[in-house]
Amino acid sequence: MSSTPPEPTDRKVTTRGLRQMKEAGQRIAALTAYDQVMAGLLDDAGVDVILVGDSVATVVQGLDTTVNVTMDHMLYHASLVTRGVKRALVVGDLPFMSYQVNADTALMNAGRMVKEANVEAVKMEGGSSICSTVRRLVDVGIPVMGHLGLTPQSIHKFGTYRVRATDSEEADELRADALALQDAGAFALVLEKIPASLGAEISKSLDIPVIGIGAGGDCDGQILVSHDMLGLYTRYHPRFVRRYAEVADVMQGAFERYVRDVRSDEFPTVDESY
Ligand code: KIV
């Protein structure tokens, strides 16, 4: 890995382009977005992959988990995001129970994401149990990103957001699931909150790009939830989130100054009036 990161080109990012980035040893920078304004800023900054994550549930809708997000919510947010993006690859998360029932339902919902919201790929959580569905989607031309490790849609099964795959049994299962997803045709894989050594090993062993979130520095790319890295959503601060700003503080300060100015008649001035 070169110490000087290559500048992103203006070329549209595609699933094939991401594979080429992995082969060339170029790190992939991914972030989440849920609306057009944020998506445009990310795109202008050179972010390669924009995920319309079901994390919208927690960081925008104020819910405790991602399980309540609906297909309609995801279609709405994804359609806002794709309107703001020119270069990045836009991936839409398939929400809980939109793909688990059977492959037909998954195909229909993934198809809606592509046709109605204009995303270029979908993401699904799970390993071997969803591989036949992944294959079905890929066969009709819908690229699929896998998601293993901490899978927030299964929070009620695990009962905790702790680090996954720390014991050898779960690590072996994760290795097998990663390979199965690649074999089923997934174009990339997200690994969430697992030991860095396992993230490195899986990234090395797979041909498809592995994008880590709390999976160490040796994955092919990194993803964070934008509201977390901006310090906009501050309810939790997992160790893997580096805060690049304290946006909640900036906003809070602005709102407080506005309230003060209105109450003290300092806003609006003559210059701000007609
Ligand atoms: O929903 C989401 O934002 C995600 C990322 C954490 C990868 O799945």
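As the structure is a prediction and not an experimental result, all values here were calculated from the model. Any value given below was found using the heavy atoms of this structure, including those in side chains, with hydrogens, waters and symmetry copies removed. Just so you know, ligand 1 is whichever comes first in the structure, and atom 1 is the first atom listed for that ligand.
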Please answer whether the main-chain N or O of Lys86 pairs with a side-chain N or O of Asp43 as donor and acceptor at a distance below 3.5 Å.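 Yes; at least one donor-acceptor contact below 3.5 Å.
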Of the protein's non-hydrogen atoms, which lies at the shortest distance from [atom], and what is that distance?
atom                   : result
atom 3 (O) of ligand 1 : Ser55 OG, 2.5 Å
atom 6 (C) of ligand 1 : Ile213 CD1, 3.6 Å
atom 7 (C) of ligand 1 : Leu51 CD2, 3.8 Å

Do other residues, nucleotides or ligands put more than 12 heavy atoms under 6.0 Å from the [atom1] atom of [X]?
X      : atom1 : answer
Arg239 : CZ    : no
Glu169 : CD    : no
Phe240 : CZ    : yes

For [X], counting its heavy atoms only, list the atoms of ligand 1 lying under 4.0 Å from any of them.
X      : result
Gly53  : 1 (O), 2 (C), 3 (O)
His147 : 8 (O)
Asp54  : 1 (O)

Which residue, Thr14, Asp207, Asp220, forms the side chain to side chain contact (heavy atoms under 4.5 Å, CB included) with Arg19?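 One option only clears the test, and that one is Asp207.
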When you look for heavy atoms under 4.0 Å from ligand 1, do you find them on the side chain of [X], its backbone, both, or neither?
X     : value
Val56 : neither
Asp93 : side chain
Thr32 : side chain

Below 4.0 Å from ligand 1: does a non-hydrogen atom of Lys123 turn up there or not?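 Yes, that is the case, since the closest heavy atom of the residue is under 4.0 Å from the ligand.
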Test Leu137 against Asp139 for side-chain contact (heavy atoms from CB on, under 4.5 Å), laying out the working first. CA-CA 5 Å; Leu137 267 55; Asp139 279 350; over 6 Å; no
Looking at Phe158, does the NZ or CZ of Arg164 lie under 6.0 angstrom from its six-membered ring centre and within 45 degrees of the ring axis?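 Yes, Arg164 sits over the ring of Phe158.
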